[in-house]
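Numbering starts at 1 and runs along the sequence shown. Note that these values count all heavy atoms, side chains included, but never hydrogens, waters or copies made by symmetry.
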Amino acid sequence: MRILLAAALAFPTAVLAAGGDDSPPKKPAVFCTGSQVYDKKSGECVDPKNSSLSQDQIYLTARQLSYAGRYRDAQGVLNALPENDPGRLTYMGFTNRKLGNHQLSMAFYREAIERDPTNILARSYMGQGLVDEGKTAQAIVQLHQIRAHGGRGTWSETSLQEAISTGTTYNY
């Protein structure tokens with residue numbers, strides 16, 4: 001089945017470096033089934049490891065699948081990236097948190113931050129997970145770290161601040 005990901009493929013990818021897209025994702029385009037991705041070069045849905053998608057396009061596809069609530073499919077897409085990639089670790093943390101695997105998600109976030117302490121998206125998602133667990137003081141620590149690493153005014157800061165204030169976290 002051939003389904004277009006025109007929106008995903010047309011999206012500027014410079015912001016996605018290291019999985020760090022810091023803007024809210026756009027509503028997802030129509031996707032391939034399972035964890036397959038649309039490969040513009042071949043015009044078909046393929047396994048992400050066999051696609052011509054860039055690393056940034058893999059992040060975007062995983063993010064859009066997550067936005068659509070397809071967390072396991074997003075994980076399948078992320079498996080096309082190196083296991084120690086900070087962006088992959090960040091999104092694996094997010095998808096595991098949304099699947100209810102809080103301890104595992106925190107382990108992914110910690111490893112992502114250990115590999116890249118400036119990863120404000122991992123800090124935001126970790127903070128939101130802490131809010132989900134009722135650990136607001138620890139979430140505030142992550143908020144301060146986001147700001148310390150140049151994240152003032154970013155989606156990472158705003159979404160975590162809102163989660164701390166309201167107790168409501170994001171699904172993407």
Checklist outcome for this item: Applied to residues 100-109, the salt bridge (Lys or Arg N to Asp or Glu O under 4.0 Å) test, sequence neighbours excluded, yields none

Checklist entry - Who pairs with E133 by salt bridge (Lys or Arg N to Asp or Glu O under 4.0 Å), at least two apart in sequence or on another chain? => result K135

Checklist entry - Atom CZ in R63, atom OG1 in T90: separation rounded to 0.5 Å? => result 11.0 Å

Next on the checklist: Using a 3.5 Å distance criterion without hydrogens, assess whether the side chain of T154 forms a donor-acceptor pair with backbone atoms of G151.
Outcome noted: yes

Next on the checklist: The criterion is salt bridge (Lys or Arg N to Asp or Glu O under 4.0 Å); which residues satisfy it with R110, sequence neighbours excluded?
Outcome noted: none

Checklist entry - Cut-off 3.5 Å, side chains only: do S159 and Q128 have a donor facing an acceptor? => result yes

Checklist outcome for this item: Here the gap from Q161 atom CD to L143 atom CG, rounded to the nearest 0.5 Å, amounts to 5.0 Å

Next on the checklist: Keeping Q57 on the side-chain end and S54 on the backbone end, is there a donor-acceptor pair under 3.5 Å?
Outcome noted: yes

Item to check | Residues that T136 engages under side chain to side chain contact (heavy atoms under 4.5 Å, CB included), provided they are two or more places apart | outcome: I140, I164

Checklist entry - Which heavy atom of A163 sits nearest a heavy atom of V131, and at what distance? => result O-CG1, 3.5 Å

Next on the checklist: So, taking the atom named CG in D85 and the one named CD in E111, what distance separates them when rounded to the nearest 0.5 Å?
Outcome noted: 10.5 Å

Checklist entry - So which heavy atom on A139 is nearest to which on L130, and how close? => result N-CD1, 3.8 Å

Checklist entry - Does the pair R70/D73 count as a salt bridge with the N-to-O cut at 4.0 Å? => result yes

Next on the checklist: Using side chain to side chain contact (heavy atoms under 4.5 Å, CB included), reason through M106 and H102 one step at a time and then give a plain yes or no.
Outcome noted: CA-CA 6 Å; M106 290 298 160; H102 291 280; 5.6 Å; no

Checklist outcome for this item: Sequence neighbours excluded, the answer for side chain to side chain contact (heavy atoms under 4.5 Å, CB included) partners of R152 is R147, E157

Next on the checklist: Do F94 and S66 make a side-chain contact, defined as non-hydrogen atoms from C-beta onward lying under 4.5 Å apart?
Outcome noted: yes

Next on the checklist: Using the side-chain hydrogen bond (donor to acceptor under 3.5 Å, both in side chains) criterion, which residues pair with T169? Sequence neighbours excluded.
Outcome noted: D132

Checklist entry - How far apart are the C-alpha atoms of R123 and H149, what are their side-chain angles, what is the distance that settles it, and do they pass the side chain to side chain contact (heavy atoms under 4.5 Å, CB included) test? => result CA-CA 10 Å; R123 291 184 181 281; H149 290 286; 3.9 Å; yes

Checklist entry - Can you list the steps and then say if L89 with E83 is a side chain to side chain contact (heavy atoms under 4.5 Å, CB included)? => result CA-CA 7 Å; L89 294 166; E83 284 188 25; over 6 Å; no

Checklist entry - Sequence neighbours excluded, which residues qualify as side chain to side chain contact (heavy atoms under 4.5 Å, CB included) partners of A62? => result A74, V77, L78

Item to check | Distance (rounded to the nearest 0.5 Å) between S156 OG and L121 CG | outcome: 4.5 Å

Checklist entry - Within the distance-only criterion (no hydrogens, no angle test), does the side chain of Y71 pair as donor or acceptor with the backbone N or O of R97 below 3.5 angstrom? => result no

Checklist entry - How many angstroms lie between atom CD of Q75 and atom CZ of R88, to the nearest 0.5 angstrom? => result 8.5 Å

Next on the checklist: Would you compute the distance between atom OG of S105 and atom NZ of K98 and round it to the nearest 0.5 angstrom?
Outcome noted: 10.0 Å

Item to check | Partner set under side chain to side chain contact (heavy atoms under 4.5 Å, CB included) for N101, not counting sequence neighbours | outcome: N96, L99, L104

Checklist entry - By side-chain hydrogen bond (donor to acceptor under 3.5 Å, both in side chains), which residues pair with E162, not counting sequence neighbours? => result Y170

Checklist entry - Taking only residues two or more places apart in sequence, or in another chain, which ones meet R72 in a side-chain hydrogen bond (donor to acceptor under 3.5 Å, both in side chains)? => result none

Next on the checklist: Using the rule given for side chain to side chain contact (heavy atoms under 4.5 Å, CB included), can you reason through S124 versus Q142, listing the C-alpha separation, both sets of side-chain angles and the distance that settles it, and then say yes or no?
Outcome noted: CA-CA 7 Å; S124 180; Q142 292 306 314; over 6 Å; no

Item to check | Counterpart residues, side-chain hydrogen bond (donor to acceptor under 3.5 Å, both in side chains), relative to T118 (two or more places apart) | outcome: D116

Next on the checklist: In the structure I gave you, are the side-chain heavy atoms of Y91 and L81 within less than 4.5 Å of one another anywhere?
Outcome noted: no

Item to check | Parallel, tilted or perpendicular: rings of Y125 and W155 (30°, 60°) | outcome: perpendicular

